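See below for the structure under consideration.
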Amino acid sequence: MAFKERVFSGVQPTGNLHLGNYLGAIKKFVELQDSHDCIYCVVDLHAITVWQEPAELTHNIREVTAAFLACGIDPKKHIIFNQSQVAEHAELAWIFNCIARLGWLNRMTQFKEKAGKDRENASVGLYAYPNLMAADILVYRATHVPVGDDQKQHLELARDIAQKFNNDFASSIAGHGFGDAFFPLPEPLIQGPATRVMSLRDGTKKMSKSDASDQSRINLTDDAETIALKVRRAKTDPHPLPGDEKELAERPEADNLVGIFAALKGISKGAVLNEFGGAQFSAFKAALVELAVAKLGPIGAEMKRIIDDKAYIDSILADGSARAQVMAAETMKSVKDIVGLVRR
Ligand code: AMP
Ligand code: TRP
């Protein structure tokens, strides 16, 4: 059975949306709109796996929504909503808690990083997080998932869960007339020159919302002056830019800035090196500032404009949630039948 192609992805409302979120994820969300039906989710239930101040959480949910809109996602043709308004995500996640094995979750590197040394004190939600993520995708039976490189392992787990569900319930799936697979195996879309944008202060560390140094990232709401300052101060090595990609790969800070430039401009790293190979960083950084301000300036300004209109943002989320829920409820009906639960 061929599944209808459908795109799903999510962003956590945890503040400080940055260039990594944009180049690794949101920019791709925008591009996929022309070729696919897309569902983009503000994953608030994922955010609360670590402590969130309630008033900040509310603000951050609206801010991610404003970012989706400002970057150019069309909420009428596609769906923008927040996870907690569609209860079926949590419902399917419970079923998946009973499908996924402890051994699978024990391998998740993001849990190990986020839980740190004090693992006993991490929330149960943080541990079960990848099961909820699988539910987000599969409750819509989505086939394609644009994400940054750091989500690759979680996507593999989602595929394992889908596969095990299909196998475990093969006989009742067939009995219900869905062919031999109920869930598609969702494919990660992790491509291009900026699938892992690194910190501007340390080319070996991922650019992250939670880095204590604001200088380490370019926020989507940074103004032109701030962007310029952060790029000019970005860590580099003392050599001019290399002419080929092999040499670039050995120089993390240079590689990162070239990758950012390439992704912003929509060209390859090789093409950037053709233009700037042999140039000093001062010249390259000046060009990068100009490009970054041209691309990000309008997004930041639009975000700031939209964020003030709470009623508008909330209406987008309510409308998107209602449309998403129709699809999710349909899946849950079938899942209950397949598992053997009695329903109304
Ligand atoms: P999060 O903020 O963790 O919800 O991430 C939202 C999306 O941005 C996910 O698809 C991540 O993989 C992606 N992302 C986060 N940080 C980076 C980064 N430094 N480089 C590339 N993609 C990223
Ligand atoms: N785990 C993702 C992140 O931290 C966010 C996310 C939650 C997601 N559910 C998803 C991404 C489903 C893609 C599909 O970035």
Side-chain angles (χ1 to χ4, degrees), residues 6-30 32 38-50 52 60-61 63-64 67-68 71 81-84 86 89-90 92-93 96 108-111 113-114 125-126 128-159 161-162 186-211 216-220 252 255-256 259-260 262-264 324 328:
R6 181 174 286 148
V7 168
F8 181 96
S9 195
V11 175
Q12 296 191 59
T14 40
N16 297 334
L17 276 175
H18 54 68
L19 185 63
N21 297 128
Y22 178 65
L23 295 177
I26 304 174
K27 185 168 183 283
K28 300 192 175 143
F29 298 0
V30 176
L32 284 160
C38 305
I39 306 175
Y40 296 127
C41 185
V42 184
V43 288
D44 44 15
L45 298 178
H46 277 94
I48 59 170
T49 56
V50 298
Q52 304 296 326
N60 290 337
I61 291 168
E63 189 178 70
V64 174
F68 284 173
C71 289
F81 76 110
N82 60 314
Q83 192 181 24
S84 59
V86 180
H89 289 240
L92 184 59
F96 287 171
M108 295 296 116
T109 55
Q110 186 173 294
F111 173 75
E113 279 162 23
K114 285 200 178 177
L126 188 65
Y129 175 117
N131 295 347
L132 177 60
M133 178 163 162
D136 297 337
I137 300 163
L138 294 171
V139 85
Y140 303 103
R141 298 209 268 170
T143 53
H144 293 83
V145 185
V147 281
D149 177 69
D150 60 345
Q151 296 302 311
K152 196 168 171 214
Q153 195 184 34
H154 289 158
L155 255 299
E156 280 159 13
L157 186 87
R159 293 168 66 89
I161 289 174
E187 269 180 50
L189 299 175
I190 307 173
Q191 287 140 356
T195 57
R196 190 176 180 82
V197 177
M198 308 309 273
S199 158
L200 298 181
R201 309 301 304 164
D202 179 349
T204 63
K205 244 172 68 186
K206 199 177 65 172
M207 185 178 286
S208 149
K209 290 168 172 173
S210 55
D211 195 312
S216 71
R217 65 182 161 260
I218 294 177
N219 300 303
L220 289 187
D255 191 22
N256 190 38
I260 290 171
L264 282 172

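Start at 1 and go down the list; that is how both ligands and their atoms are numbered. All figures in this text were calculated on a predicted structure; none of them were measured in a lab. When a residue number appears, it is its place in the shown sequence, counting from 1.
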To the nearest 0.1 Å, how far is [atom] from its closest protein heavy atom, and which atom is that?
| atom | result |
| --- | --- |
| atom 10 (O) of ligand 1 | G148 N, 3.1 Å |
| atom 23 (C) of ligand 1 | G20 O, 3.4 Å |
| atom 12 (C) of ligand 2 | F8 CE2, 3.5 Å |
| atom 21 (C) of ligand 1 | T195 O, 3.2 Å |
| atom 20 (N) of ligand 1 | V197 N, 2.8 Å |
| atom 10 (C) of ligand 2 | M133 CG, 3.5 Å |
| atom 11 (C) of ligand 1 | D150 OD1, 3.4 Å |
| atom 1 (N) of ligand 2 | Y129 OH, 2.7 Å |
| atom 6 (C) of ligand 1 | N21 ND2, 3.5 Å |

Proximal ligand 1 atoms for [X], defined as those under 4.0 Å from one of its heavy atoms:
| X | value |
| --- | --- |
| A25 | 7 (C), 8 (O), 10 (O) |
| K209 | 1 (P), 2 (O), 4 (O) |
| R196 | 20 (N), 21 (C) |
| K206 | 19 (N) |
| V147 | 10 (O) |
| Q151 | 12 (O) |
| G24 | 21 (C), 22 (N) |

Going by distance only, is there an N or O of [X] that falls short of 3.5 Å from an N or O of ligand 2?
| X | result |
| --- | --- |
| D136 | yes |
| Q151 | yes |
| H154 | no |

- Message: With a 6.0 Å cut-off (strictly less than), is the heavy-atom count around NZ of K152, excluding the residue itself, greater than 12?
- Response: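 No.
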
- Task: Heavy-atom distances under 4.0 Å are what count here, so tell me which part of V147 touches ligand 2: side chain, backbone, both or neither.
- Result: side chain

- Task: Please state which part of L132 comes within less than 4.0 Å of ligand 2, counting heavy atoms only: side chain, backbone, both or neither.
- Result: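 Looking at L132 and ligand 2, no heavy atom falls under 4.0 Å.
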
- Task: Ignoring hydrogens and angles, state whether a donor on the side chain of Q110 or D150 is under 3.5 Å from an acceptor on the partner side chain.
- Result: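 Q110 vs D150: no donor-acceptor pair found between side chains.
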
Looking at [Y], is its backbone amide N or carbonyl O close enough to the side chain of [X] to form a donor-acceptor pair, meaning the two atoms are under 3.5 Å apart?
| X | Y | value |
| --- | --- | --- |
| K209 | Q12 | yes |
| T195 | I190 | no |
| D149 | R196 | no |
| Q153 | T109 | yes |
| D44 | S84 | yes |
| Y40 | F29 | yes |

- Message: In terms of relative ring orientation, are F8 and H89 parallel, tilted or perpendicular, with 30° and 60° separating the classes?
- Response: tilted

- Item | Option whose closest heavy atom lies nearest to atom 11 (C) of ligand 2, chosen from G10, G148, P146, A25 |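 Going through G10, G148, P146, A25 one by one, G10 has the nearest heavy atom to atom 11 (C) of ligand 2.
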
Measure the [atom1]-[atom2] distance between [X] and [Y] for me, rounded to the nearest 0.5 Å.
| X | Y | atom1 | atom2 | result |
| --- | --- | --- | --- | --- |
| I161 | N131 | CD1 | CG | 4.5 Å |
| Q83 | L132 | CD | CG | 4.5 Å |
| I39 | D136 | CD1 | CG | 10.5 Å |

- Atom indices of ligand 2, in the order listed, that fall short of 4.0 Å to a heavy atom of V145: 13 (C), 14 (C)

- Message: Need the ligand 2 atom indices (1-based, order shown) with element for anything under 4.0 Å from a heavy-atom of S9.
- Response: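 Those of ligand 2 that fall under 4.0 Å from S9 are 11 (C), 13 (C), 14 (C).
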
- Item | Partner of S199 by side chain to side chain contact (heavy atoms under 4.5 Å, CB included), out of K206, K205, R217 |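 With S199 as partner, side chain to side chain contact (heavy atoms under 4.5 Å, CB included) holds for just one option, K205.
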
For [X], which part has a heavy atom under 4.0 Å from ligand 1: side chain, backbone, both, or neither?
| X | answer |
| --- | --- |
| Q12 | both |
| V43 | neither |
| H18 | side chain |

- Item | Check: L126 and V50 side chains under 4.5 Å, non-hydrogen atoms | yes

- Message: Is there a side-chain contact between H144 and P186 in this structure, where contact means two heavy atoms from C-beta onward sitting under 4.5 Å apart?
- Response: no

- Message: Restricting to non-hydrogen atoms, name the atom on L200 and the atom on M207 that form the minimum distance, rounded to 0.1 Å.
- Response: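 The answer is CG-CE, 4.1 Å.
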
